[in-house]
Amino acid sequence: QVQLVESGGGLVQAGGSLRLSCAASFFSVHTFSNYAMAWFRQAPGKDREFVAAMSWSVGHTRYADSVKGRFTISRDNAKNTVDLQMNSLKPEDTAVYYCAAKATIGLLTTATAYAYWGQGTQVTVSS
């Protein structure tokens, strides 16, 4: 099993930055290298949408067009964390942000492809 715990959300003005972190606990350290990690977000009244993904072992990344050039996903193998650096934030980035994981390396953008989820962290961007 995998446990994911997000942190780092908060309130920021438009144009500001936030860094989210996802601490991952894997059942077996021999298998986590095959995992793909992702960030999704969900605004009130909207579907959960893909933000960014990364393959744990190789480090390949994929981004939603809406965040490309502003957000960066990265990992710290020593700490077993996956971070999301968010710059040039806009009010439309306001949402609950979720960390997700799946046991295959494909960087898929659909929420149903991911089996493991964190509890979410709120990000609010004021105009």
Side-chain angles (χ1 to χ4, degrees):
Q1 295 296 323
V2 177
Q3 291 185 328
L4 305 172
V5 179
E6 303 97 335
S7 61
L11 173 64
V12 66
Q13 289 188 331
S17 299
L18 278 176
R19 188 176 184 90
L20 306 183
S21 186
C22 173
S25 300
F26 296 95
F27 175 73
S28 169
V29 296
H30 300 294
T31 59
F32 75 87
S33 61
N34 296 323
Y35 278 70
M37 308 296 295
W39 287 93
F40 284 77
R41 66 187 182 187
Q42 188 165 19
K46 294 188 177 181
D47 293 334
R48 193 166 295 190
E49 68 170 352
F50 171 78
V51 175
M54 167 176 273
S55 59
W56 190 278
S57 57
V58 180
H60 291 158
T61 59
R62 185 175 184 178
Y63 295 92
D65 288 343
S66 59
V67 306
K68 207 171 289 184
R70 300 189 298 123
F71 291 11
T72 302
I73 188 171
S74 61
R75 74 196 188 286
D76 185 326
N77 288 340
K79 297 180 180 178
N80 272 10
T81 59
V82 175
D83 294 346
L84 185 68
Q85 177 66 42
M86 305 184 296
N87 299 328
S88 301
L89 282 162
K90 305 174 181 179
E92 51 263 45
D93 294 319
T94 295
V96 177
Y97 283 70
Y98 295 91
C99 179
K102 63 182 185 68
T104 53
I105 61 173
L107 302 183
L108 302 182
T109 62
T110 53
T112 53
Y114 292 81
Y116 306 102
W117 291 86
Q119 81 288 352
T121 185
Q122 177 70 46
V123 171
T124 303
V125 184
S126 63
S127 57

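What's counted below: heavy atoms across the whole structure, side chains too, no hydrogens, waters or symmetry copies.
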Say whether, by atom type as modelled, one donor and one acceptor occur between the side chain of E6 and the main chain of Q119 under 3.5 angstrom. yes
Check: D83 main-chain N/O paired with S21 side-chain donor or acceptor under 3.5 Å: no
How close do [X] and [Y] get, counting heavy atoms only, and between which atoms?
X	Y	result
T72	Y63	CA-OH, 3.4 Å
Q85	S17	NE2-CB, 3.9 Å
A101	L4	N-CD1, 3.8 Å
L20	Y97	CD1-CB, 3.5 Å

Inter-residue atom distance [X].[atom1] - [Y].[atom2], 0.5 Å rounding:
X	Y	atom1	atom2	answer
L18	T121	CG	OG1	9.0 Å
W56	I105	CH2	CD1	15.0 Å
Q122	L11	CD	CG	9.5 Å
N87	R19	CG	CZ	9.5 Å

Salt bridge or not for K90 and D93, using N-O below 4.0 Å? no
Residue pair R41 / V67, side-chain heavy-atom distance below 4.5 Å: yes
Any side-chain heavy atom of R75 within less than 4.5 Å of one from M37? no
Mind checking what makes side-chain contact (heavy atoms from CB on, under 4.5 Å) contact with A53, not counting sequence neighbours? A38, F50, L107, Y114
Do the rings of Y98 and W117 sit parallel, tilted or perpendicular, given the 30° and 60° boundaries? perpendicular
Does NZ belonging to K46 count more than 12 external heavy atoms closer than 6.0 Å? no
